Structure formats: C-alpha cells, structure tokens
Amino acid sequence: MTTTTASSDETVDADRFAAVLRQAVADGLLGADQPVAGFIDVDGVRATVAELQAAFVPAPPALPGPTAPPPVLHTFAAKAASLIPVLSLLADLGLGCEVASPGELEIALRAGFAPATIVLDSPAKTRREIQQALALGVALNADSFAELDRIDALRPQDCSSVIGLRVNPQVGAGSIGAMSTATATSKFGVALGDPGGRAEVVRAFEQRPWLTRLHAHVGSQGCPLELITAGIAETHRLAEEVNHAVGRQQITSLDTGGGLPVNFDGPEPRPTFAAYAAALRAAVPTLLDGRYQLVTEFGRSLLAKNGFIGALVEYTKDAGGRRIAITHAGAQLATRTVLMPDAWPLRVGAYDGRGRPKATAAMVQDIAGPCCFAGDVVAHARELPELQEGDIVVLHDTGAYYFSTHWAYNSLPRPAVHGFSTDDRGRVQFAPVREAQSLQQISLESGLAHADALLGLGLDAR
Ligand SMILES: *Cc1c(COP(=O)(O)O)cnc(C)c1O
C-alpha cells in the first residue's frame, strides 16, 4: 500500500484496500471461478520508487558535463517480481534492473530496460552468458577470480560494459541463515577476510585496468541495518585501498546491492529507505561525495508492501479442537511462509464473499492451502473473524517474490496477477499483469508433447 505517515492514514489505507477488494470481486477477478489471484498496487509502486529516489539524492550536485553518469543508479532485482509489466513500469520510473539468469536478462530487455542500466549478477554465469552480456553492453559483476579469468578471455576490444567484482565483506549473518549473504562461508563473492583475500583483490584490479566497479550485496531478510551498512563501509574502504594502490581512481562505481529487510507485521514500512540512506551516510560519510557512482539493487523492499494475494475459502472444518479454513493460497504461492513460518509470517485479512471486512466474532483458526501435504498452512492459530465457505482471505505484503517464485506442487496453476490504481474519488482501475496458467499450459509443461515417449523405450532390446 502507499506509504503514509499521518495517524489517520491507516484507516485511509484500509478503506482504499477494501474498495479494491470489493471491485475485484465485482469484476470477477476473484471468486468461485478465480479462487486465487495476485494484486499489485501501481500507485504504491510509484510512491515507493519516489521514496527510494528521494532518499539517495546526493549532497553535492551531480558532476557537470553531458557525459557524467547519474550519480545513483537504482536497479530493481528482477527475481523479486519477474513480471514484464511490472519491470516495464519500473523502467519507466527511471530504475535499472538487476538480473541473474538468461531468463531474467531476456525479460528485462523485453520490458524496455536499456542494456547500460542492466546489471548481471550470478555466481554461475556460463561463458555464453558472459559473452552475451559483454556484447550487449550490460554491466556485470564477476563473482570470483575464476570468472574474471573467463572475462579476460572473452572481453571484446570495444567493450562498453561496466565490469565489477563482487566481494563478500564477511560481516556475518542475520536471523535467517538461508537469507544471509555475508557469512564467512557464503557462496557469493570473493571472501575478503580469508588469508591473502584483500591483496588478491588489489592485484586483480592492478592487472585489469577495465575493472572499475566493486560490488557487495549484504542481506537480506533478517539482517539489521548495522550489518548491511557495515558491509558497505568495508566495501568502500576496499575501493579506497585499491585506488590508492593503483595510483588513480580506477574504481569509479560502488554497487551496494539490495537486501533491505521488510517488516511483515503492519502496513508501515520499517526500516524506510530514508532510514537506510541515513544509516549509510552515517557509516560512510564520503559515500555520496561524487567520486563514486552508486548502484543499488533493491527487490523485496520496493515491492513487498505493494502487493497482496486474495484467496477464496473453499471449506472450513474442525480437527483436534482447532478450526481450519481451507483456502486456495498455500505453499504453491507462499512457499517460504509455509516451509519457514517463523521467518516469513504474513498478516492475514478476513473478508466476506463480496469483499467486505468480516465482522463475525474472532476465533483462533489455521489458514491452510490446497496442497496435499500436512504442513501446507500459511497461518497457524491466528485469531481472526470466524471464516466460512465463500469468504476471502487476504495475504498482505506479498508483492515481492510471491508472484515470481511459484512452486509447481500438485500441478497447481500460477494465478493471475492484476495491477490496480485508485483515484481521488475512490474509483478503482485494474490492468492485467499475467493471466492465470491454463490446464493446457500445465499439460505442456508436464511433457504433453512426449506423451508416448516412454512406452516403447527399451522394449526392442529385451
Ligand atoms: C536477491 C538479490 C538482490 C535483491 O535482494 P532483496 O533482498 O530482494 O532486496 C540484490 N542483489 C543481488 C545480487 C541479489 O541476489
């Protein structure tokens, strides 16, 4: 939802939200025929991008001259919402795009990002991927010295790509191990604290005058601001050290990654981009002094609060003294929430079949999904208005990752995703982002073209 500060705005947000849900039901985007769908708040995305851009306005004016690069390039981490209309909106708002696979690069290009505003990060780039990125002029961050060796061999003479090296400042883990990229043994980047690590980084720059960027992505969910800014401070120190050693400003940009955590406990974002930028300025006062172009790669913090999932309650039942609502949103959509409920708790809203907030008495309920395994529960023992068949549950703050990291469990279809906007008079407009996956598409993905392929295999030899 749009982020606001005044105290009455939470009700404004709630009213706006209820209007969107009512209209979605009235328009048939959610209901018996479409029992689950995703929604993206386009007004909210615009506001969040503006907040990000405002937070990083550098203190001194931009460098003069027509060829001076913009001092800050904010890229969006495509994996957080790999939907072309969303990427296209972000490109239109002036963002670049961080990609990490041939698929993400393809959709970023199709969404309209100029190659020079795309950054390719991946720990497993093939020679072909490196070659393609360099031919297009896409920036890339090498994840290891071995990858730098490949780039040495593949880099054309007239290469326009900005090339960087990803380092791991090894500042430690946050509260979720699987989301911590800067542990001592993380698979990402060059481990700075390992014996000889720093000296080898300096040497790598000395040997390659075209290597001009240093990259670190310290995050993400579960990592406190101090950990993230400590990682960036360490990266900045290293850049100064390299430039001093080579005797010129060889490193001209710092890619500080994304990884700003999102609070899932309420509508107001915490920490804000402004708080992040302030913490960064405090940790590295000279970061935005104009000597380094800054690149960021935020994903979750740009989209999470700007999307929600709506799902129909198909049945309710009681088991072992617990009320359970069986809905159409489970592990296929909220995979991390179902598999790691303590790390990824979601706020759940209860609405009736017409999209009006439920006013029934509160009771403790499990909100379960449609998947055929016992753990498919998105919210355990949650106190909510009593739900019944035909009601709608809303999973809040699911605009990042939930629509782009579908799990094909039980051949459940990827749901439709719709964008929405509201005007001053409360009117709601929708636009399609992605159609629901059809049974034909599921069949095709399931090898339909080779339906008989196994029937004769091996029979001749017997
Ligand atoms: C995933 C990722 C990001 C975005 O992380 P968020 O936590 O969504 O902000 C940025 N950079 C890299 C290299 C990533 O892998």
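Note that this is a predicted model, so its numbers are computed, not measured. Note that ligands are numbered from 1 as they come in the structure, with each ligand's atoms numbered from 1 the same way.
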Report summary line: Counting from 1 in the order shown, the ligand 1 atoms closer than 4.0 Å to a non-hydrogen atom of Glu98 are 11 (N), 12 (C), 13 (C)
Query raised in the report: Does the N or O separation between Gly258 and ligand 1 drop below 3.5 Å for any pair?
Result: no
Report task. Anything under 30° is parallel, anything over 60° is perpendicular, the rest tilted; go ahead and classify His418 against Phe430. Result -> perpendicular
Query raised in the report: Which class fits the ring pair His74 and Phe298: parallel under 30°, tilted 30 to 60°, perpendicular over 60°?
Result: tilted
**Report entry** Residue Gly259 vicinity, atoms of ligand 1 by number, heavy atom under 4.0 Å
**Finding:** 5 (O), 6 (P), 7 (O), 9 (O)
Requested in this report: Have a look at Phe39 and tell me which of Val394, Val417, Leu29 forms a side-chain contact (heavy atoms from CB on, under 4.5 Å) with it.
Outcome: Leu29
Requested in this report: Would you give the length of the straight line joining atom CZ of Arg270 to atom OG of Ser301, rounded to the nearest 0.5 angstrom?
Outcome: 14.5 Å
Query - Proximity winner for atom 1 (C) of ligand 1, if only heavy atoms of Arg166, His215, Glu297, Lys79 are counted - result: Lys79
Query raised in the report: Would you say Gly299 has any N or O atom under 3.5 Å from an N or O of ligand 1, going by distance alone?
Result: yes
Query raised in the report: What part of Ala80 sits under 4.0 Å from ligand 1 if we count only heavy atoms: the side chain, the backbone, both or neither?
Result: neither
Requested in this report: Could you tell me whether Arg16 and Asp41 have a side-chain N and a carboxylate O separated by less than 4.0 Å?
Outcome: yes
Query raised in the report: In ligand 1, which numbered atoms sit nearer than 4.0 Å to a non-hydrogen atom of Ala77?
Result: 3 (C), 4 (C)
Report task. Validate the cation-pi geometry between Arg347 and Phe264: distance from NZ or CZ to the six-membered ring centre under 6.0 Å, angle to the ring axis within 45°. Result -> no
Query raised in the report: What do we get for Arg300 next to ligand 1 when only non-hydrogen atoms under 4.0 Å count, side chain, backbone, both or neither?
Result: both
Query raised in the report: What residue and heavy atom of the protein are closest to atom 5 (O) of ligand 1, and at what distance?
Result: His217 CE1, 3.5 Å
Report task. Just need the protein heavy atom nearest to atom 8 (O) of ligand 1, so name the residue and atom and give the distance. Result -> Tyr401 OH, 2.5 Å
Report task. Please write down residue, atom name and distance for the protein heavy atom closest to atom 7 (O) of ligand 1. Result -> Ser220 CB, 3.1 Å
Query - Sub-4.0 Å heavy-atom contact, Gly219 with ligand 1 - result: no
Query raised in the report: Which of the atoms in ligand 1, numbered in the order shown and given with their element, are less than 4.0 Å from a heavy-atom of Asp121?
Result: 13 (C)
Query - Lys/Arg-Asp/Glu bridge criterion (N-O < 4.0 Å) met for Arg150, Glu147 - result: no
Query raised in the report: Is ligand 1 under 4.0 Å from a heavy atom in the side chain of Phe188, in the backbone, in both, or in neither?
Result: neither
Query - CD (Gln249) with more than 12 external heavy atoms under 6.0 Å - result: yes
**Report entry** Any donor-acceptor N or O pair under 3.5 Å, side chains Asn263, Glu268
**Finding:** no
